[in-house]
Amino acid sequence: MNYLLRLTLLTLASLGSLIASEAAASSASARQTLSLNGRWRVIVDPYDNGYVNYRLDRFDAAAKPTGGYFLDEKPATPSDLIEYNFDQSASLNVPGDWNSQEATLFYYENTVWYRRLFDFQSKAAGMRQFLRFGGANYEADVYLNGKKLGRHVGGFTPFEFEVTGLLREKGNFLVVRVNSQRKPEGVPTVNTDWWNYGGLTRDVTLVETPATFISDYSLQLKRGTSGLVSGYVQLAGATGPQAVTVSLPELKLELKASTDKDGRAALEFPLPQATLWSPETPKLYELVITSGADQVSEKIGFRTIETRGSDILLNGKSVFLRGISLHEENPLRGGRVTTPDEARLLLGWAKDLGCNFVRLAHYPHNEYMARAADELGLLLWEEVPVYWTIHWNDPSTYANAANQLTELINRDRNRASVIIWSMANETPVSAARTDFLKRLVSLTRKLDPSRLISAAMERHSPTEDPKTSIVEDPLAEVTDLVSFNQYIGWYVGTPDDCPKVTWKVPYDKPVLISEFGGDALQGLHGDRRTRFTEEYQADLYRQTLPMLEKIPQLRGMTPWILCDFRSPRRALPNIQDGWNRKGLIGQNGTRKQAFYILQEFYARKASAP
Ligand code: GCU
């Protein structure tokens, strides 16, 4: 798989701009991009029959089954035996999970074969072409015109294949096998508290670039400096030093540099007049990078994020992270987010709540989320699905987690909104687990030293003193923040226990409560001691907030969760019905009482952080 590619023009029709991401580089001028979104033919294949077609061409024992769905075969004669036909099969929307599109696939966790036909006219001779997938859950085998391009494992990060020389002007057939089975050695493993939405859940595009193109860049304000930007521009396909121009037209700034033998140009320049990006002033500047026949442009913001003791500093000023957690699901239709509008809908609700921060749980969300957060002014925590009982001793599991983290960081490294990379969620402490996570921390520091690192860590209570909660996790030695989930009042005791709890957090680092909350069915009312009523949930928030404010290092929180979300674990009839009800907003988009408790708290924090 070709990892030289970082930038893509999603589609002229959809965004009309460029978005730095893990994919083929492209530009508004030097490149052509074809969206392959739309209706794709599909064959549901729980036995993975699609790998072979049992037609045997000869009688001798040496004959092997030939064919397979990836060949998109048609009978050459009436006597030919071919037991599939994409042209007469069902179809699904791409992007989109299959579970929420077809009732018969609601619980389906296996293989679906997708096929897309398309024509392609290259823009000019000598161009290069790349097939880019925004994400496919969980395992994707990709074939073009009958040739296997490769496999991607991991359900939430982009990947691409170079297809230069493999395309026809007419009648290309792209076949993708997507398998969503959960696997013990997977990332995540078999047990989660969210719906395992399978399919080609994100955009599919064909991108064309010049032979030498801009494949990656990074421009960041250096911490501790007043307006010094450093970074790099990386070319792919360069055969020697090449001129690069970086411009920020609004700031009347144009820089020229030359790439080295590896196609990389290092940059450092002052940026004295820029308005720094923040939730209050989400200022984005158009950036244009040109080199040879290639040009990329997109909007980026400049800001710094750092910690000092137990404080978090955004652009050198102390900030309290008024957050909320979020799954990548549109509750109004119960399926994966697939469009910029859906991303803006959910993040707009977070803004209504009074948030300046959102935890994109528990896996990399659609790349539209970070772009929407850049525009709306929301800081982001992004994470990989190293969740619960991962196989810490399995090298393939670590390689998978490291690859997903790398693909996420490479995709979103230029999003000002992203301030925290999270390594894991609620992973029982063991030597193998801490070693696994510390390796991920080292990898992250190498890939992106400019952001903060955290994870939802572990807490415990001494058996002899259950009212004391101690946050002790060896991982906290190497992270910038100490974050943890706590459910006193829901899984532990009742809300009336909150005032009796003492917290001990023995670290001089900022503390971020990455989850707390309780279930309530929107519209179900009763007294505050009746579980699943809005009154119980509201009381839980009312009693939790003052308890947490007693933690001296408290610098933020992301209560669980903005919206109700689907989970096969939640089986209580007429209350859960397959939904986790901890949302502050019901699956119908209606706010619960607890929404207003938190909104009032955040309004107070916004005026006196
Ligand atoms: C856990 C977990 C979440 C889960 C939540 C709950 O903390 O991190 O993914 O949904 O608790 O039980 O509702």
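First listed ligand is number 1; within each ligand, the first listed atom is number 1. Only this structure's heavy atoms are used, side chains among them; waters, hydrogens and symmetry mates stay out.
Short contacts between ligand 1 and His362, defined as distances under 4.0 Å to a heavy atom of the residue, involve ligand atoms 3 (C), 8 (O), 9 (O). Near Arg570, with a cut-off below 4.0 Å to any heavy atom, the atoms of ligand 1 are 6 (C), 12 (O), 13 (O).
The proximity of Phe516 to ligand 1, defined as any non-hydrogen pair under 4.0 Å, does not occur for either the backbone or the side chain. Under 4.0 Å from ligand 1, the heavy atoms of Asn580 that appear belong solely to its side chain. The proximity of Tyr487 to ligand 1, defined as any non-hydrogen pair under 4.0 Å, is limited to the side chain.
When the options Val142, Thr157, Val178 are evaluated for a side chain to side chain contact (heavy atoms under 4.5 Å, CB included) with His152, the one that passes is Thr157.
Here Trp490 and Phe532 bring their ring centres to under 6.0 angstrom of each other.
Using a 4.0 Å cutoff on heavy atoms, Tyr491 counts as a contact of ligand 1.
Ring planes of Tyr387 and Trp194: perpendicular class, angle over 60° (limits at 30 and 60°).
Evaluated by nearest non-hydrogen atom to atom 13 (O) of ligand 1, the leading choice among Gln486, Lys582, Glu515 is Lys582. Comparing Asp519, Thr192, Asp193 against atom 10 (O) of ligand 1, the shortest heavy-atom distance belongs to Asp193.
Under a 4.0 Å N-O distance rule, the pair Asp374/Arg371 does not qualify as a salt bridge. A salt bridge is absent between Arg415 and Glu382: the closest approach of a Lys/Arg side-chain nitrogen to an acidic carboxylate oxygen does not fall below 4.0 angstrom. With salt bridges taken as basic N to acidic carboxylate O contacts below 4.0 Å, none links Arg336 and Glu342.
Among all non-hydrogen protein atoms, the one lying nearest atom 7 (O) of ligand 1 is Glu426 OE2, 2.4 Å.
A cation-pi contact, defined as under 6.0 Å to the ring centre and within 45° of the axis, is absent between Arg591 and Trp349.
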